[in-house]
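Quick caveat, the model's predicted, so the values are computed rather than measured. Quick note: numbers below take in every heavy atom, side chains included, and nothing from hydrogens, waters or symmetry partners.
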2 protein chains.
Amino acid sequence: MGVTKTQVFTEKQNRIADLAKALAHPARIAIIQHLLKEKSCVCGDLVEVLPLAQATVSQHLKELKQIGILHGEINPPRVCYCINETVWQEAKVIFGEIFETEVSVNCCG
Amino acid sequence: MGVTKTQVFTEKQNRIADLAKALAHPARIAIIQHLLKEKSCVCGDLVEVLPLAQATVSQHLKELKQIGILHGEINPPRVCYCINETVWQEAKVIFGEIFETEVSVNCCG
DNA sequence: AATATCAATCGCAATAATACGATTGATATT
DNA sequence: AATATCAATCGTATTATTGCGATTGATATT
């Protein structure tokens, strides 16, 4: 049915999946990397950096904003996008928790 | 067009996005958590653990296998799924690299 | 006031993902 | 040989995602 059965999973499992989904596109990875590299906000020149149309970039930014990873400071007619440090920290912790689990015994060798 | 323009991004950006996509569903998170918790392989009883039909679970396992996170040891008629430690380590490093980047200056406050 | 600039949104087309019933293929079990 | 068990795959329905041209709304600029 193309619709995820979120009800049957824990809130945390859904949150991890949602955060992962936000990272599940190379354009959004590129956006995040760019914003991190510039160590500050970057305005609409993201469109110039990315090989995608303005409408497409805007949509990716919207998704990252929706999940909370970015927040946009409106300064018309420009918009400045920044990493939301709180959510970024949350993501760091949440992914860290999964990956720090060691696979000590593995029956498949 | 519903198809990601992978050509215009770096291999690494695409790999990160692909790994994230593998984690972008609560069922797959639950599968990984279960396999990690049991610290060893788990067989078809994943179907009992998850509130999804056998066909659906099989499909999620296939995706995780495809990206490399799992490998299945066939022992008919059972199949034992394990975390592929090499790929798991790769994912740990690749996500670690992103998240260790500090947001030192942030113009949006 | 007219114009230029920027970013969000709409509308559309095409492809991907989610879910599951039913079937199939393979191997133990009897 | 007949049957039971397990997991993959097929087929199908439904929804989500990706992408962009075109439009819209808002604010500077002239």
Please state whether the phosphate of [N], meaning OP1 or OP2, lies under 4.0 angstrom from any side-chain nitrogen or oxygen of [X].
X: A:Ser58; N: C:dA7; answer: no
X: A:His60; N: D:dT17; answer: no
X: B:Tyr81; N: D:dA8; answer: yes
X: A:Thr56; N: D:dT18; answer: no

- For B:His25 and D:dA16, what is the distance between atoms NE2 and C1' respectively, to the nearest whole Å?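 Nearest whole value for this atom pair: 11 Å.
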
- Query: Would you say A:Gln7 has more than 12 foreign heavy atoms packed within less than 6.0 Å of its CD?
  - Reply: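 Atom CD in A:Gln7 is packed in, count exceeds 12.
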
- Audit row: B:Glu97, B:Lys12, salt bridge (Lys or Arg N to Asp or Glu O under 4.0 Å) steps and yes/no: CA-CA 12 Å; B:Glu97 277 176 16; B:Lys12 187 154 191 177; 2.7 Å; yes

- Task: Using heavy atoms and a sub-4.0 Å distance, could you list which residues of residues 6-21 of chain B are near DNA chain D? By number, please.
- Result: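 Residues of residues 6-21 of chain B under 4.0 Å from DNA chain D: none.
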
- Protein proximity profile, nucleotides 22-30 of chain C - base contact B, sugar-phosphate-only contact S, no contact -, cut-off 4.0 Å on heavy atoms: B----SS--

- Query: Reading DNA chain D 5' to 3', what string of ( ), [ ], | and . shows its pairs, if Watson-Crick and G-U wobble pairs count only when both distances fall under 3.5 Å?
  - Reply: ||||||||||||||||||||||||||||||

- Looking only at side-chain atoms of B:Arg78, point me to the closest of D:dA8, D:dC6, C:dA8.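 In terms of side-chain proximity for B:Arg78, the closest of D:dA8, D:dC6, C:dA8 is D:dC6.
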
- Of B:Arg28 and A:Gly44, whose closest DNA chain C nucleotide lies nearer the 5' terminus?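 By nearest-heavy-atom nucleotide position, the 5'-most residue is A:Gly44.
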
